[in-house]
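One structure below.
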Amino acid sequence: METYECRYYQALENGVLECQLCPHHCHITDGGTGICHSRRNEGGKLVSDVYGKPCSIAIDPIEKKPLYHFHPGTKCLSIACTGCNFRCLNCQNHEISQAKPQQVRHIRLTAEEVVDICLDHSCPGIAYTYTEPLTYIEYITDIARLAHKNGLWNILVTAGYVCREPLSDLLPFLDAANIDLKSFSDDIYKRVSGGHLQPVLDTILTMRDAGIWIELTNLVIPGVNDNMQMIQDMCRWMTSNGLSHVPLHFSRFFPQYRMGNLSPTPVATLRKAREIAKEEGIQHVYLGNV
């Protein structure tokens, strides 16, 4: 399999590598991969098995990201490679996000070719989406740098689970982001997604400070993260951190993946969440998948 050397890793003893891309800090033995499946220890060098190998490419309305306040009415070129550093039990794109690169069909596209496709189809921007684009950050950084040189926007659709240094390297080339704030409970993050809440909050604030246009999505899952006190706490965190102007999308859950036994979110639950958000000072609240 053709590979590309990753950035953001450190060699430990006995040929083990520590990936320093995200807060998991995976310790990867020779031949093994990190949680994301796409970053592999190849003889003491951390390589990406998905660089230049997108598994999905499409043209989408920008509202599908969802971004409602960033150039509404336009379209973007959407691109994804396999991989995710979360293990969400409800993942709607699990066929590609939870798969190993060799299990999914892909095409080969250089950064230059991705930008050319975007220009040829008169799309004003590129969205890195569908899976977790930060797990192939080297690829999207190379595309995004070239996209900016050609006057294109760069949009990141992410769960935001990343360390500060790699995020800081990408930020100069980002224009907008939708961040999936899965809940406002560290326990739920651990049980449902296999991660932690605080790094995601840190990512949101880092993007705020960098002047990136941000919108947040909260998928409301019945019996999991639909506690209204928790939703109120989340909205209060937003307002106390200068994010009351940030659009907040409450999205309706439908049975997916390993949560196929649950029922869809009642629309009344989403309406109550919107009511609470408005009461707490969130200026723009939307309901999705309804």
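Index from 1, following the sequence. Just so we're clear, the structure is a prediction, and the values are computed from it rather than from any experiment.
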Tell me if a side-chain donor or acceptor on Tyr189 pairs with a main-chain N or O of Lys182 at a distance below 3.5 Å.
yes
In terms of relative ring orientation, are Tyr51 and Tyr4 parallel, tilted or perpendicular, with 30° and 60° separating the classes?
parallel
Pair Lys64-Thr129, side chain to side chain contact (heavy atoms under 4.5 Å, CB included): steps then yes or no
CA-CA 10 Å; Lys64 188 179 176 181; Thr129 180; over 6 Å; no
I need the full list of side-chain hydrogen bond (donor to acceptor under 3.5 Å, both in side chains) pairs touching residues 72-84, with sequence neighbours left out, sorted by first then second residue.
Asp60-Ser78, Lys65-Ser78
For Gln20 and Pro166, work out which heavy atoms get closest and say how close.
O-CG, 4.1 Å
Exam field: side chain Arg39 to backbone Cys26, donor-acceptor pair closer than 3.5 Å:
no
Treating Asn90 as the side-chain partner and Met259 as the backbone partner, does any N or O pair qualify as donor plus acceptor under 3.5 Å?
no
Parallel, tilted or perpendicular: which describes the rings of Tyr68 and Tyr286, with under 30° parallel and over 60° perpendicular?
perpendicular
Taking Asn154 for the side chain and Ala144 for the main chain, is one N or O donor matched with an acceptor at less than 3.5 Å?
yes
Checking Asp187 now: which residues fulfil side chain to side chain contact (heavy atoms under 4.5 Å, CB included) with it, not counting sequence neighbours?
Ser185, Arg191
Would you tell me whether Tyr136 and Thr131 have side-chain atoms, one donor and one acceptor, within less than 3.5 Å of each other?
yes
If you take all heavy atoms of Leu197 and Leu181, which pair is closest and at what distance?
CD1-CD1, 3.9 Å
Contacts of Arg7 meeting salt bridge (charged side-chain N to carboxylate O under 4.0 Å, His left out) (sequence neighbours excluded), chain-then-number -> Asp142
Lys278 meets the salt bridge (charged side-chain N to carboxylate O under 4.0 Å, His left out) criterion, sequence neighbours left out, with none
Which residues share a side chain to side chain contact (heavy atoms under 4.5 Å, CB included) with Ala177, sequence neighbours left out
Leu156, Ile179, Met207, Ile212
Between Cys84 and Gln98, what is the shortest heavy-atom contact and its length?
CB-NE2, 4.0 Å
CG of Asn14 to NE2 of His27: how many Å apart, nearest 0.5 Å?
12.5 Å
For His245, the side-chain hydrogen bond (donor to acceptor under 3.5 Å, both in side chains) test, sequence neighbours excluded, returns none
For Lys272, the salt bridge (charged side-chain N to carboxylate O under 4.0 Å, His left out) test, sequence neighbours excluded, returns Glu275
Nearest atoms (heavy-atom pairs only) where Gly160 meets Glu132
N-OE1, 4.0 Å
Contacts of type side chain to side chain contact (heavy atoms under 4.5 Å, CB included), residue Ile117, not counting sequence neighbours:
Ile57, Leu77, Leu109, His121
Apply side-chain hydrogen bond (donor to acceptor under 3.5 Å, both in side chains) to Gln92 and list each qualifying residue two or more places apart in sequence or on a separate chain.
none
Answer yes if the side chains of Thr135 and Asn85 hold a donor-acceptor pair under 3.5 Å, and no otherwise.
no
Which atoms form the tightest heavy-atom contact between Cys55 and Val104, and what is the distance?
CB-CG1, 3.6 Å
Check: Gly32 main-chain N/O paired with Thr29 side-chain donor or acceptor under 3.5 Å:
no
Ignoring hydrogens, what is the shortest heavy-atom contact between Leu152 and Leu119? Give both atom names and the distance.
CD2-CD2, 3.8 Å
Does a donor on one side chain sit under 3.5 Å from an acceptor on the other, for Asp175 and His148?
yes
Taking the side chain as C-beta and beyond, is there a heavy-atom pair between Ser48 and Tyr139 under 4.5 Å?
no
Residues which pass side chain to side chain contact (heavy atoms under 4.5 Å, CB included) with Thr206, listed by chain and number, not counting sequence neighbours
Arg164, Leu167, Leu171
Distance-only, no hydrogens or angles: does the Asn225 side chain make a donor-acceptor pair with backbone N or O of Leu219 under 3.5 Å?
yes
So His284 and His69, would you call those rings parallel, tilted or perpendicular, with 30° and 60° as cut-offs?
tilted
Taking the side chain as C-beta and beyond, is there a heavy-atom pair between Thr141 and Asp169 under 4.5 Å?
no
Between Arg40 and Lys100, is there a side-chain heavy-atom distance shorter than 4.5 Å?
no
Below 4.5 Å, heavy atoms only, C-beta onward: do Tyr128 and Leu134 meet side chain to side chain?
no
Check whether any side-chain heavy atom of Ile59 lies under 4.5 Å from a side-chain heavy atom of Cys123, and answer yes or no.
yes
So how far is it from Glu95 CD to Gln103 CD, rounded to the nearest 0.5 Å?
12.0 Å
Test: side-chain hydrogen bond (donor to acceptor under 3.5 Å, both in side chains). Region: residues 246-268. Which pairs qualify, not counting sequence neighbours?
Glu215-His249, Ser251-Asn289
Through direct or indirect side-chain contacts below 4.5 angstrom among Ile, Leu, Val, Met, Phe, Trp and Tyr, which residues connect to Leu46?
Tyr9, Leu17, Ile28
